[in-house]
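Here's the structure we're looking at; comments come further down.
Bear in mind that the values here come from a model prediction, so they are computed numbers and not experimental data.
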Amino acid sequence: GVWRQTRALLFKNCLIKCRTKKSSVQEVLFPLFFLFWLILMSMMHPHRKYEAVANTNLGSLDTSVLVNFVIGYTPPTPLAREIMRKVAFDNFEDGIITEEYLSEEDLQESSAFKPSNFVGVVFTDAMSYQLRFPDSVAMASIYTESR
């Protein structure tokens, strides 16, 4: 039954491999060649080990820059209000001005009329957000060259 069929199938596969030696050799050598190539490339570019960076005191935050600083956020959910309240009052004595907007379009429209000290925060869900800066913010040259 099953043993005879399995033995016949193995014998048939051995005959096929013996008759097609070129493809059989390729099946063995190509993976070995790529493995050798991968090892060679990893040896040419060894992993860099970086030393630990010591903790340094960055000093206190200069809050004079943040006078009249406005943070707009959307959507106005209870969680977003709580997060923005903590951002505004926990780290700064005078607090930062926060404004809530009903939609992202309202936020963008308002940021066009605000001075350069306006930053928008769009909460996409409970765990993530996106920052929206006005167009006047200077971007690093590495990003502007790729555009």
Side-chain angles (χ1 to χ4, degrees), residues 2 5-6 9-10 12-14 16-147:
V2 175
Q5 288 179 350
T6 305
L9 184 61
L10 287 173
K12 177 185 140 192
N13 286 339
C14 287
I16 291 172
K17 291 294 180 191
C18 291
R19 291 178 183 164
T20 57
K21 290 181 178 137
K22 183 178 177 183
S23 65
S24 299
V25 169
Q26 288 176 350
E27 286 179 7
V28 173
L29 291 183
F30 275 155
L32 291 177
F33 170 75
F34 288 123
L35 180 65
F36 172 74
W37 182 256
L38 188 66
I39 291 170
L40 182 67
M41 293 303 288
S42 68
M43 290 172 64
M44 289 175 60
H45 301 286
H47 297 289
R48 293 182 183 165
K49 293 185 179 179
Y50 296 101
E51 297 297 322
V53 177
N55 291 337
T56 57
N57 185 8
L58 298 176
S60 60
L61 178 64
D62 183 16
T63 57
S64 64
V65 181
L66 300 175
V67 174
N68 296 328
F69 194 76
V70 179
I71 300 177
Y73 65 94
T74 186
T77 61
L79 181 62
R81 286 186 187 107
E82 180 66 21
I83 290 171
M84 296 311 293
R85 187 191 61 75
K86 286 184 179 186
V87 166
F89 294 108
D90 284 359
N91 298 319
F92 308 104
E93 295 139 6
D94 298 333
I96 295 178
I97 301 167
T98 59
E99 297 175 354
E100 62 181 42
Y101 295 94
L102 295 176
S103 67
E104 190 173 349
E105 291 79 24
D106 293 341
L107 178 76
Q108 289 175 349
E109 186 177 308
S110 178
S111 69
F113 299 113
K114 299 279 183 179
S116 61
N117 60 352
F118 181 85
V119 174
V121 180
V122 178
F123 291 95
T124 54
D125 58 20
M127 297 299 289
S128 60
Y129 61 90
Q130 295 176 346
L131 296 177
R132 301 283 191 246
F133 294 99
D135 293 336
S136 62
V137 175
M139 296 182 71
S141 62
I142 189 170
Y143 297 115
T144 56
E145 290 175 1
S146 65
R147 288 185 180 177

Got a list of side-chain donor-acceptor pairs under 3.5 Å for residues 29-43, not counting sequence neighbours?
unit_1	atom_1	unit_2	atom_2	d
Ser42	OG	Leu38	O	3.4
Ser42	OG	Ile39	O	2.8

Within the 4.5 Å heavy-atom criterion, are [X] and [Y] side-chain neighbours or not?
X: Val119; Y: Val70; result: no
X: Pro76; Y: Leu102; result: yes
X: Thr98; Y: Val87; result: no

Partner set under side chain to side chain donor-acceptor pair (under 3.5 Å) for [X], not counting sequence neighbours:
X: Ser110; result: Tyr101
X: Glu27; result: Lys17
X: Gln5; result: none

Apply side-chain contact (heavy atoms from CB on, under 4.5 Å) to Leu107 and Val122, showing your working.
-> CA-CA 9 Å; Leu107 178 76; Val122 178; 3.7 Å; yes
For residues 98-107, which residue pairs qualify under salt bridge (Lys or Arg N to Asp or Glu O under 4.0 Å), counting only residues two or more places apart or in two chains?
-> Arg81-Glu100, Glu99-Lys114, Glu104-Arg132
Partner residues of Thr6 under the side chain to side chain contact (heavy atoms under 4.5 Å, CB included) criterion, sequence neighbours left out = Val2, Leu10
Mind checking what makes side chain to side chain contact (heavy atoms under 4.5 Å, CB included) contact with Asp125, not counting sequence neighbours?
->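 With sequence neighbours excluded, Asp125 shows a side chain to side chain contact (heavy atoms under 4.5 Å, CB included) to Met127, Ser128, given in chain and number order.
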OH (Tyr129) with more than 12 external heavy atoms under 6.0 Å = no
Do side-chain atoms of Thr77 reach the backbone of Ala80 as a donor and acceptor pair under 3.5 angstrom?
-> yes
Show the numbers, then the answer: is there a side-chain contact (heavy atoms from CB on, under 4.5 Å) between Val121 and Leu131?
-> CA-CA 5 Å; Val121 180; Leu131 296 177; 3.8 Å; yes
To the nearest 0.5 Å, tell me how far Gln108 CD sits from Ser103 OG.
->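 Here the rounded value is 8.5 Å.
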At what distance, to the nearest 0.5 angstrom, does CD1 of Ile83 lie from OH of Tyr73?
-> 10.0 Å
